[in-house]
Amino acid sequence: MAIHSGHAFPRHSHDHYGIGVISQGAQRSWSLLGQIEAGPGDVIVVNPGEIHDGMPLDGPRSWQMIYLEPEVLWQELRMEKQKGDAVLRPCVQDKQLSAMLLKLFSSMTQPGIEQGLLEEALLQCMMRLSRDHSLTSPSRSVITPSIQRVKQYLDDSPTLQTSLTELAALGDLSRFQLLRSFSREVGITPHAYLLQLRVRHARRWLAKGNSLADTAILSGFSDQSHLTRAFVRQMGVTPARYQNAILA
């Protein structure tokens with residue numbers, strides 16, 4: 001993905017590793033290490049499931065990013081004899097890695113580029129990241145059983161309509177306890193978490209070529225306008241633009 005935007009992204013997470021480079025401007029974002037700032041040339045990384053946001057500093061910023069299935073990176077790390085899931089540093093100042101990534105992104109847009117060359121360039125970036133910029137003792141929040149039940153219910157049934165009262169009963173908590181504990185342990189409110197799950201589903205339906213109206217219903221939104229508002233807030237682009245880009 002290549003983006004130029006002044007959009008402020010709310011807290012959300014991804015299923016994939018996101019690895020990219022800021023090419024212009026700067027941003028402040030929340031990460032597993034707390035608040036971080038990234039400027040031109042900085043490498044930015046998002047780990048799977050990591051709650052993060054993104055606020056522009058002094059105007060729009062531009063960045064390029066590639067998203068990887070976690071299993072792809074884990075497989076390569078096992079080859080490097082590292083144990084466990086990879087947890088990478090969210091902001092890296094590494095001029096050589098930055099240049100390697102920019103070269104990779106440029107090669108990906110060249111017609112007729114050899115597949116083997118792209119694979120080699122990608123693996124070199126991944127090896128440098130895992131070797132020099134992994135976190136051996138990441139700060140991970142402990143989720144209590146009550147909040148885990150609520151989170152699992154939302155994960156399993158993101159398209160179902162639910163209320164804070166119902167979720168609180170599921171966790172054997174008051175609504176206030178649920179809201180406070182979920183926000184502290186997960187990083188966002190239950191409703192915000194539910195919306196990001198629905199946007200994630202919407203991306204999959206859009207990638208399959210479904211209409212915006214059908215995607216809204218299939219993803220649990222009340223209508224197309226509700227889908228569009230949530231999608232723009234989280235992704236920074238409209239569902240239509242997103243679909244046109246990935247189906248082009």
Side-chain angles (χ1 to χ4, degrees), residues 1-5 9 12-27 29 31 36 38-50 52 54 60-135 199-200 202-209 234-237 239-248:
M1 294 183 67
I3 299 178
H4 175 76
S5 174
F9 294 88
H12 63 287
S13 65
H14 300 286
D15 294 331
H16 304 79
Y17 283 100
I19 303 168
V21 179
I22 298 284
S23 55
Q24 179 183 351
Q27 73 170 13
S29 60
S31 75
I36 59 173
D42 288 347
V43 176
I44 50 176
V45 178
V46 176
N47 294 279
E50 177 185 353
H52 63 286
R61 72 286 198 205
S62 302
W63 70 96
Q64 297 179 75
M65 181 165 280
I66 186 171
Y67 291 93
L68 303 171
E69 292 284 352
E71 291 78 10
V72 173
L73 190 56
W74 295 340
Q75 179 180 5
E76 302 307 326
L77 291 180
R78 284 196 293 272
M79 292 171 62
E80 292 289 307
K81 299 181 180 180
Q82 294 193 26
K83 297 180 179 180
D85 297 349
V87 180
L88 303 174
R89 189 171 295 279
C91 184
V92 173
Q93 293 180 332
D94 183 330
K95 291 183 178 180
Q96 184 174 347
L97 176 59
S98 178
M100 292 166 62
L101 284 165
L102 290 174
K103 183 177 179 180
L104 170 64
F105 297 148
S106 176
S107 298
M108 291 173 66
T109 61
Q110 294 178 13
I113 193 76
E114 291 188 23
Q115 183 71 21
L117 180 61
L118 288 178
E119 291 177 352
E120 184 177 286
L122 176 59
L123 285 174
Q124 287 176 332
C125 292
M126 291 164 59
M127 287 190 298
R128 188 173 180 91
L129 266 172
S130 64
R131 185 191 67 205
D132 298 341
H133 305 298
S134 62
L135 294 172
V199 168
R200 195 173 296 169
R203 290 170 59 188
R204 298 191 184 111
W205 289 117
L206 291 170
K208 294 179 180 180
Q234 183 169 319
M235 300 298 298
V237 296
R241 284 191 61 189
Y242 177 85
Q243 187 177 53
N244 289 337
I246 62 175
L247 296 181

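The 12-atom threshold is exceeded at CD of Gln110, counting heavy atoms of other residues, nucleotides or ligands nearer than 6.0 Å.
By the 30° and 60° cut-offs, the orientation of the rings of Phe9 relative to His12 is tilted. Using bins of under 30°, 30° to 60° and over 60° for the plane-to-plane angle, the ring pair Tyr67/His16 lands in the perpendicular bin.
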Checklist entry - His133 and Leu88: side-chain contact (heavy atoms from CB on, under 4.5 Å), yes or no, with the steps? => result CA-CA 6 Å; His133 305 298; Leu88 303 174; 5.7 Å; no

Checklist entry - Can Arg204 and Asp15 be said to form a salt bridge (charged side-chain N to carboxylate O under 4.0 Å, His left out), step by step? => result CA-CA 12 Å; Arg204 298 191 184 111; Asp15 294 331; 3.1 Å; yes

Next on the checklist: Pair Met108, Leu104 - check side-chain contact (heavy atoms from CB on, under 4.5 Å), show working.
Outcome noted: CA-CA 6 Å; Met108 291 173 66; Leu104 170 64; 4.1 Å; yes

Item to check | side-chain contact (heavy atoms from CB on, under 4.5 Å) between Val43 and Gln93, intermediate numbers included | outcome: CA-CA 6 Å; Val43 176; Gln93 293 180 332; over 6 Å; no

Item to check | Audit row: Cys125, Met100, side-chain contact (heavy atoms from CB on, under 4.5 Å) steps and yes/no | outcome: CA-CA 7 Å; Cys125 292; Met100 292 166 62; 3.8 Å; yes

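How far OH of Tyr242 is from CE of Met1: 7.0 Å, rounded to the nearest 0.5 Å. Arg89 CZ to Asp132 CG: the interatomic distance, rounded to the nearest 0.5 Å, is 11.0 Å. Interatomic distance, CG of Leu122 versus CD of Gln124, reported as 9.5 Å (0.5 Å rounding). Ser29 contributes atom OG, which lies 3.5 Å from atom CD1 of Ile36 (distance to the nearest 0.5 angstrom). Atom CZ of Arg241 and atom CG of Leu206 lie 14.0 Å apart (nearest 0.5 Å).
A donor-acceptor pair is defined here as one N or O able to donate and one able to accept, closer than 3.5 Å; no such pair exists between the side chain of Ser106 and the backbone of Leu102. A distance-only check finds a donor-acceptor pair linking the side chain of Glu50 to the backbone of Asn47 [under 3.5 Å]. Side-chain atoms of Arg61 do not come within 3.5 Å of backbone N or O of Ile22 as any donor-acceptor pair. Remark: the backbone N or O of Gly54 is not paired with any side-chain donor or acceptor of Gln27 at under 3.5 angstrom. Listed for the Ser98 side chain is no donor-acceptor partner under 3.5 Å among the backbone atoms of Asp94. A donor-acceptor contact shorter than 3.5 Å links the side chain of Arg200 to the backbone of Ser13.
Contact annotation: the side chain of Leu68 approaches that of Ile19 to within less than 4.5 Å [non-hydrogen atoms, C-beta and beyond]. Inter-residue side-chain proximity for Pro60 and Ser5 is flagged as unmet; no heavy-atom pair is nearer than 4.5 Å. The shortest distance between side-chain heavy atoms of Ser31 and His52 does not fall below 4.5 Å. Looking only at side-chain heavy atoms (C-beta outward), Tyr17 and Val46 stay at 4.5 Å or farther from each other. Taking 4.5 Å as the limit, some side-chain heavy atom of Met235 sits within range of a side-chain heavy atom of Val199. Using a 4.5 Å heavy-atom cutoff, the side chains of Asp42 and Val92 are not in contact. Contact annotation: the side chain of Val21 never approaches that of Gln64 to less than 4.5 Å [non-hydrogen atoms, C-beta and beyond].
Shortest non-hydrogen contact noted between Ile113 and Ser107 is CG2-O, 3.6 Å. Across all their heavy atoms, Leu135 and Pro90 have their closest contact at CD1-CD, 4.4 Å. Nearest heavy atoms, Ser23 versus Trp63: OG-N, 4.1 Å.
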